[in-house]
Structure formats: C-alpha cells, structure tokens
Amino acid sequence: MRWSRWLLLVLLLGSASAGRIEVLQADRLELRKVAGHELVVLYGRPVRIKLEDGQEVEADTVEYDRDARRLLLIGNVVYVDKEKRVIESDQLELYLDDESMDALEVHMRSGGIDLWGPEATRVLGQILMTDGRFTPCARCGQQPYDYSFSAERLVLYPGDRLIAYGVTVYVQGEPYLRWPLLMLHFSKRRPRLEVRHDDLDGWSLTADLPYVTANGLGFTLLRYFQNRGWGFGFDHWGVGAAYEHYRALYLPPEVGGDRGSLEAELTYREGDERLKTVPYFSSFQFKYDDAWPLPDQPHWSVSAVWRDKHEGWRRSLSLERRDLPGRNRFWLSAAVRRESGPEPKPSLRIKTYFDFGDGGPPAAQTVPEATLKWSKGWRYGGFSVKGSLGVGGYYDRTNELNRSARAAGVWAAAGRIFVQHVDTYDAKKPWPGFTLHFENRFSGWYYDTGERQVDWRNTLNLQQDLGSLSFKTAVHRTVVEGEAFFARDYRRPQHSLTVDAQARWRPAPQLDLQAKSGWDVWKGEYQKLTASLSWTPRPFRFSLSHVYDPQTGLNLTSSANLGFKEGNLSAGISGGYDYQKGEYAPLTVKGSYALPGGNALLSHVYDLNQQRSRETRFSISLQPGLNRYSLSEGYDYENERLTGRLSAAWGPLALSFSHDTFLTGDPADPNFRQSKLSLSAVWREHKLLLVENWNGRLGRFGPGYLSLSSRYTGLERAWVLQARWHLPEEGDEQLYLESAAANGGFDLIAPALEHPGLSLQGGFEYRRYGPDDRQLNFKNFGFTAAWLADEHTRLFISALVNQNVRTSEGWPPLEPRFVFTLDRCCWALQFTVDAAVPSARISFMYGGKSARFLFDESGIHYPWEDML
C-alpha cells in the first residue's frame, strides 16, 4: 500500500541507525510535531507492522516517536517479541533501542504458560509483573483450572524460567496454600520418585522431592540401596536472578567397595551471557567428584568467567581447570580492549596455564600480547592507511622447516612483534577516462631470536577509456620471505612480479574485440595472449577466441561458438582446436524449443578426430496445470548404451520408469544385452520401487528387488514403514521379505466417552539372514488402552516390549514394560513397571501437554497426543 512505503521512507530518513519497520496494514497516516518531537501516527482496524528482527505488532493505533525511537500502541494490542511470546494488552509502550516495554492490562502466552496482570514491564529481556496470575492449564479447556497461581510479584526470564514471590496456590479455583517463593523451570528437571530392584543393590529408592524456602527452591536427593545403605544430597536454585545453582550428592559404597562417592557442583552467575546488551556478566562453577580423593589424583574442577563492558572498554577474565588424568591444569585467560573511542584502539591479551602435579603435553600460550589497532585509519584525499601493531610473548609449536627453530625443540618460547598495514591510493582523475588505484599490503613477524618473516603484496591498476576503446594495466608484486619461528606463522616463500595488460574495442554496439596478456618479470616470461571476438547481430550470436603463447611462439587453442535465438527457438554449435595435441575439440550441436509450460532439447556431440558420433540426447518436459510430464533419452555411441527416463505426475501421484540398456552385439562383451530397469510409483509420502536387471545372455531377470516406503502423520495414526523383498534370480528362485522396519502407531479402536480405545504402537525391525535365521528387534512395541473419563481426563495403560530376538538362538523370555498414565493435560501421573530391569517407577509431570511421550528418537508421537 502507498502508506506503508511512505512511512518506511519517513522512518529510514529519521535516523541513520534506525532499524527497518515494515507497515503491513494501515488505513490512515498522520505526521505530527509535539513538544519538539516528530510523531508518525497510524490508524487502522487494525494497524499491523513488522520490526526488523521479526517482532510483530498489531493495534488500533500506532504512534511512533522518531527521536526517542518509541512505539506507543493503543487498543487491542497484540505484540509478538523475539522470544515468540504473545503479549495482549490495552496499551503498550515499546522502546526499540533497548527493547524495554511497559504495558497495561496484560495477557501473555509464553511457552505453555499463560500470565495475566494489571501491568507489566520488560527490562533487559526480563518481564516484571505485579499482582499477576499464571497457570499452565489455560489451554486445556478446564473450568475451573486444576491448579493456578497468583503472585504479588513475578519475573519471567527468557527461556520460560519463572520466579514468583508471595504466591497463593489455587486448586480447582479455591485457595489452597501460600508459598513465599515459587520458581518453575519448565525445560529443566522435575520431581522424581522411583522404586527399583536388581540383583546387585536389591531394592532401591530414588526420590527427588521439591522444597521451597525464602532463599530459593530445589530438590532433596534421597537414595536408598538395600545392600549399600543411604545416600543423600540437594539440588538448589537461588532466589534473585535465579542464576545460582548448588548441587551435592553422596552415594554409599558399591557392593564390594570400601568407600562411597560424593559429587558436588556450585554455579553462580550475575547477568545473562545470552543478552549481548548486558554490560556485566560473571560466572563461577565448581565441581567435585569422589568422597575420598587420592593425594595425586584430585577429582575436582573449577571455572570462572568475568566480563565487563564500560565506557567503550571491554574486559574479560576466565579461569578454568581442565580435567586431565594424573594432574591438575589451570588455564588463565584475560583480555582488555577498547571497542569505541579515538584510535589507536589498544588491547591486552594473555592465555596461559599452570600444572600442579605431573606435567602433561604442552599447549600454546600467549604471555602476554599487546596490540594497537587502527581500524578506521588515516585518510587524506585519495590516500588511506590502516593497520595494527602487536607485541607479545608466546609458547607454541616451532616451525620444523626452520633449522634454528628445530634446534630449540618441538615446543619453544619466543617474543614476537607483528606489524600489519594496508595502504591505498585512488588518484583524482587528471583527465577524463583515466583511473589509478594503488594498494600496498604488508604483514611482518619479527622474533627476538633475530629471525623475521614478511608477506608483502602490491597492486597497481591503471585504466584509460577513450570512447569505445579502453586499456587496462595491472602490476602485481608479491614477496613472501624469511624464517618463521612458530609453525602457525609460517607462509610459503614466494617471489613474483607480473604486469598484465588488456585492451578492449567496441567499434559497433554489437561488436566487441578484446585482447589480454602479461609479462612475468621475475621469471622473464610472457604470459599467454588471449584474443577474443564477440558479434551479436540479432537473432545470431557469434564468438571466436584464440590463445597464443608469446614465450614459445606457439598457438595453443582456438574455439568458436555460433548461436541463434528467435522467439521460442534457440540453437547453437560450438567447437575448437588444440594445436599442441593436434586434435579438434568435440563438435557440439544443441537446439531447444520453449513449449508452453515446458521445454524440448536436442543435442549431439560429434568427434571430428575419429569422424564418428559420440552422444545424442533428447529431452522434453511439459507442465500443463498441476500435471507434469517428462521424457529423456540418451545414446552413447562408443559403449552402445541407451539410458532414459519417462515420468508423469498428476497432483500428488507420480509414476516414473528408467532404463540403462546396453545394445552391444558382441557376445564377448561383459555387458552384452544387459539392462537395468526401474519402475517407481509415488503417492504423497508413500513410494513403491521395483528394480530389476535383465540378463540378455541368459534370457531372464535377476537380481532385483521390490521396496516399499511409507510415512504418514495424523491425529489417529502415525507411521514410518520400510520393506524390501527379494525377487527370484539364478541360484535363489524364492520370493521373500529381506528386511522391514516399522515405527509409529495407529488406533485399532478410537477412544470415546462410551468405550475405551485400543492402539498399536512402537518400533519393529526385521532382517532375514537365512531360511532359518532371522533377527527381530522390538522398540517400545505393544498396545495401549485409553479411557476418556471426561472431556479433560485421560487414562492410558501401555504394555510394551524392548527386546532383540535371533531365531537361530531361540526365543528369550518375554520382558514387557507396563506404563500407567493419568493425564489432565497440564499435569500427569505415571507409574512404570519394567520386567527387563526389573524396576518400578512413579513420576509426576506438570505443565502444558504434560503427557507427551515419544516412540523413540525419530520424534513420532503417540497418535492421541494432539487430542490432549
């Protein structure tokens, strides 16, 4: 629409740094000036705009302040931010520079949670809300909700991490209890209760039970083993920014062991590393493993990261212990650099390590490095200079091609100065048509061992245009020399100086003549001279090129191309001659005709040296409406081989036939009367393929196979199916199933309120090794019965098998797994009994779509999942 283009122009002209705002829909536009601020006001039912980073906005009225970079949205506001959170509000104020936000009467959908509140504020990616309400049951259709919460204050962090203060818990709409603090990690661990039994530990209990305190919340980790004793621990997240995490777990000695183990982890962060606009970030993490470590083998690790950005300076520090067997190694990295301000921009960097204990293999170190960088450089007229200067001490792998470096050892320390600069000069035109450009690039490595290495490259370009005639000259100089002490600095020695010249003349609009050559000064040799002519009198086009070697006085190659194009018809012929080989290039003739919705092409290649044809190809394609037809055939004269493909498609149905046939008449030829045939039928995501080989010598088919692949995903069924059958051939005349694989599920009886449902699901693999030797692999294969107690309550009972069976070795005892699931959409209770372990496990899940299960890693869900 005209308004969107006008507004986009206004916004882009308002600020050079402003991001793009695209108006998708609006009825009316006004330009105002209020208190010295220029405002752009859009009206519509609704106004729809899109921001540069993918955020979408919809409102009855949109007011944009160009100076403050502020959007004021009024009436029926719908705002989708970068986290894909949907915010509905009566009025919303959004600042585009720092993405801060203020909103009134808010309803927010973030992941599986719905939140409501009278007002909301976003600062540095965190959304703050007072007197808020939230629940994961809003999209389950429950009235009232099974459970919901109200909070005096809540904070929603990127990634659906929610912290609420002064929380009241509602069950079925009635207040149930009050908590001082609630923190939900919908993408992290959840409560866990398991009871197991095995031959080594006997009966065992695993319980991860939640708790809440004024300082945070977490889980108590309780462990009991009948044959080992008690274990205990905790897993705690702190309050505040929710970046604190403390975890410790003690386990009793294993059966036959003399000591237990202790695992501990401490993580503390300030700021969010993912938010690049945050000027400050720090992180500390400590891990400890093994309750009684040996003196020479400490089992612990530590890492700390600190980063600060202030007044154009960026500082960072990291300390890390890398866990290597038999020793402790600490890595220290620190850097300081100026990102804005006057030049040169300094930086200081250090990276080193310390071994406490036995020394390990060496690693590269920087101790330290100081750099001055001129990124914008200096410019005067057409001359500009920019570069950098670095001084540092390094410990690194030496250059094995350098004799003195080899003498210092495989690893050695040395000081180094690194100089780099780029100089350019663009001359003002002294007369019309003349241009001059000069560029000088220099890199130098200077070591305190007295060695040095330089990489120096110069380029001079001169061009003169005289109407239809133009001349270009380029001088290229490259010098790479010296001895690099470190292997990472090494550059291959190189010396070159070349002068290139090119001339172009266009005496007529359709005629173009070019010639180019050069002189290698370092080698004292002329470069190849290439002359070309191009003539394009419509409907013809003709080109001729010739390559000559002035150094040897020999002609190298000549090539010519003649083309024709008139309307839908085009044709061409090309060829050439290689003077050194004394051979003609293949003569290629092509012709094509553009059909309505398609194309027809015919080509022929002829060998002028042997006076015989090489290849002929023909293809035609048509696409009337939604249908598609194609035919292609090609004949190889040398191998007497005919290949082709015929295909047709009607909407989602496609049929194709291909062949690869040898027509040789020599019975001694191994390919005598051989042909490979392929026939396929495709319907949407289902494909049937028949592949056969015709043995003309024996007058029969074989070997060949028939394969089937199918994929389907729907509300009541989902599957991936693959199968392959062996077809009769010489020596094996039987038709049998070679292999098959199925994964998915479907309803045998659809569940309803009047009667339960029954479904079959899981993964199954079959492979035939011999007449009496087959392998069967079951993956969560079995039946599930489903009861719909009411509109929002589901009960599932599954009997599944996970086993591998080799029929030649006999059938093992059946080891089923039974899963009982009570699902209420936003929470679910699950009880599992597994005969293979054996074990029994009880688990509770909360949040939207809580009873979400997968067949396996392929990502196919139970057929009833979309009904939850």
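- With no hydrogens or angles considered, a side-chain donor-acceptor pair links Thr784 and Ser798 at under 3.5 Å.
- Listed here is the closest heavy atom pair of Leu689 and Ser680: CD1-CB, 3.7 Å.
- Checked against the 2.5 Å cut-off, the SG-SG distance between Cys137 and Cys825 does not fall under it.
- Distance alone, capped at 3.5 Å, places no donor-acceptor pair between the Asp578 side chain and the Thr557 backbone.
- Taking the side chain as every heavy atom from C-beta outward, Tyr629 and Pro624 approach each other to under 4.5 Å.
- The backbone N or O of Asp114 lies less than 3.5 Å from no partner atom in the side chain of His107, so there is not a single donor-acceptor pair.
- Residues Tyr637 and Glu615 approach most closely at CD1-N, 3.5 Å, considering heavy atoms.
- The shortest side-chain heavy-atom distance between Leu655 and Phe657 does not fall under the 4.5 Å cut-off.
- Distance check: Trp535 CH2 to Ser543 OG gives 12.5 Å after rounding to the nearest 0.5 Å.
- Using modelled atom types and a 3.5 Å distance limit, the side chains of Arg541 and Thr536 yield no donor-acceptor pair.
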### Task
Starting from the C-alpha separation in whole Å, work towards a yes-or-no answer on side chain to side chain donor-acceptor pair (under 3.5 Å) for Ser675 and Thr661.
CA-CA 4 Å; Ser675 183; Thr661 306; 2.9 Å; yes

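- Minimum heavy-atom separation, Asp27 to Arg45: OD2-N, 3.4 Å.
- Side-chain atoms of Gln775 do not come within 3.5 Å of backbone N or O of Asn804 as any donor-acceptor pair.
- Two residues are said to be in side-chain contact when any heavy atoms from C-beta on lie closer than 4.5 Å; Asn802 and Asn780 meet this criterion.
- Across all non-hydrogen atoms, the minimal contact from Arg684 to Val682 is O-CG1, 3.7 Å.
- Within the 4.5 Å cutoff, the side chain of Ser613 has heavy atoms near those of the His604 side chain.
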